[in-house]
Amino acid sequence: KTKIEQAINDARDKGITNIDAVTTTVADVEAAEKEAEENIDVAATVSLDTNKTAAKQAVEDAATKAKSDIDNNKSLDAASKKKYEDKIEAAQKAAETAIDTATTATAITSEQTKGINDINNIYQDASLAAEKASALTELAAAKNKDLDTVNAAHDKGSVDDPNWKDAVNDINSIYDAAVKKITNDDDVTTVGTDKNDAISAMDKIANGIDGDQDAQDLRTAKNKAINELAGLADQVKNEIANDKNLTQLEKDGYTDRVDQALANAKNEINAATTTDEVTKNEAAGKADITQVENDASLQSAKDLGLADIQKAKKDAL
């Protein structure tokens with residue numbers, strides 16, 4: 001039984017007891033009946049108000065968490081952050097209004113669920129926009145790096161004009177096509193795939209241009225480091241996605257942190273000028289991704305513990 005049902009049943013049982021105890025007049029029976037009905041109405045109202053308060057708090061918590069994650073996302077500009085945060089606030093207000101007008105416990109729960117889902121959907125849109133912005137930034141950096149490699153090879157005479165022009169055109173074509181695809185993608189996974197495929201294709205062209213041994217070793221070290229980090233990031237994100245204790249909002253937040261850590265590490269590795277710098281930056285990237293993994297594991301344990309406590313409380317009632 002819900003707390004509302006229990007409170008109403010208690011008021012009813014008390015009324016029945018009071019009516020049975022009357023030994024005087026019919027008027028006294030009617031008075032006892034009226035008092036019981038009033039107590040039932042009060043119990044229902046008080047219990048509904050308690051449920052509404054809890055439901056609105058749950059919606060507020062979801063909105064606060066979503067807005068905080070959006071505000072801390074470095075891939076979104078100020079205007080985009082405000083746009084999504086305003087939408088979340090509107091969804092929160094709409095949910096609170098619907099909860100206030102609900103007349104049953106079931107309706108309150110339904111409006112609470114709808115409100116939280118609406119907030120999460122807005123957060124998903126913001127996450128996708130952030131992922132696109134980050135992907136396009138990475139893509140542009142990779143294109144410029146590869147063009148620099150090709151141009152440097154041409155400047156020192158290790159590649160002739162026709163091959164140089166072909167390489168430049170191919171890199172630019174791959175980049176332009178990827179930008180269009182990423183702009184139209186409708187999920188985070190596809191954005192990542194399209195970005196990685198394009199970067200790999202551009203790198204392949206650049207790495208095929210002859211250069212001195214040191215330059216080739218540096219490019220090889222960078223590609224190896226980035227590939228290893230990408231594999232680690234995929235592994236951690238898969239663990240997060242399959243964690244049964246984390247909420248979807250928590251999973252999205254930790255996944256975004258992994259993607260951001262990977263993006264930061266890639267930028268540092270690509271900017272390295274020696275293989276030692278590549279190794280150092282790769283280690284830092286691994287540490288950042290592993291930290292997210294540890295944080296997610298800790299939150300999972302907390303969520304499980306809270307769920308077990310709630311279940312124990314429910315079983316005890």
Considering only residues two or more places apart or on different chains, which pairs with a residue in residues 161-189 satisfy ring pair (Phe, Tyr, Trp, His ring centres under 6.0 Å)? His154-Trp164
Among residues at least two apart in sequence or on other chains, which ones pass salt bridge (Lys or Arg N to Asp or Glu O under 4.0 Å) with Asp146?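 Asp146 satisfies salt bridge (Lys or Arg N to Asp or Glu O under 4.0 Å) with no other residue.
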For Lys114, is the NZ atom crowded, meaning more than 12 foreign heavy atoms sit under 6.0 Å from it?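 At most 12 heavy atoms, drawn from other residues, nucleotides or ligands, come within 6.0 Å of this atom.
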Is [Y] close to [X] at the side-chain level, that is, under 4.5 Å between some pair of heavy atoms?
X: Tyr254; Y: Glu293; value: no
X: Glu268; Y: Glu282; value: no
X: Asp203; Y: Lys145; value: yes
X: Thr190; Y: Ile182; value: no

Answer yes if the side chains of [X] and [Y] hold a donor-acceptor pair under 3.5 Å, and no otherwise.
X: Asp295; Y: Gln291; result: yes
X: Asp256; Y: Gln260; result: no
X: Asn120; Y: Gln248; result: no
X: Asp77; Y: Ser80; result: yes

So, does [X] use its side chain to make a donor-acceptor pair with the main chain of [Y] at under 3.5 Å?
X: Ser110; Y: Thr106; result: no
X: Asp185; Y: Asp187; result: no
X: Thr101; Y: Ala98; result: yes

I need the single residue from Asn238, Val236, Asp243, Asn242 that forms a side-chain contact (heavy atoms from CB on, under 4.5 Å) with Ile240. Which is it? Val236
Name the one of Asn294, Asp259, Leu232 that satisfies side-chain contact (heavy atoms from CB on, under 4.5 Å) with Ile289?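 Only one of Asn294, Asp259, Leu232 forms a side-chain contact (heavy atoms from CB on, under 4.5 Å) with Ile289, namely Leu232.
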Report the distance from atom CG of Asn281 to atom CG of Asn264, rounding to the nearest 0.5 Å.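 Taking CG in Asn281 and CG in Asn264, the distance rounds to 11.0 Å.
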When rounded to the nearest 0.5 angstrom, what is the spacing between OG1 in Thr53 and CD1 in Ile99? 10.0 Å
Residue list, side chain to side chain contact (heavy atoms under 4.5 Å, CB included) with [X], at least two apart or on another chain:
X: Lys204; value: none
X: Thr109; value: Thr113
X: Lys181; value: Asp194

Checking Asp69 against Lys65 for the salt bridge (Lys or Arg N to Asp or Glu O under 4.0 Å) test, could you report, in this order, the C-alpha distance in whole Å, the side-chain angles of both residues, the deciding distance, and whether it holds? CA-CA 6 Å; Asp69 287 346; Lys65 177 68 165 60; 2.6 Å; yes
Check side-chain hydrogen bond (donor to acceptor under 3.5 Å, both in side chains) between Asp100 and all other residues, then give those that pass, not counting sequence neighbours. Lys56
Closest non-hydrogen atom pair, Ala233 against Leu262: CB-CD2, 3.9 Å
Over all atoms of both residues, closest heavy-atom pair of Leu249 and Ala66: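 It is CD2-N, 4.3 Å.
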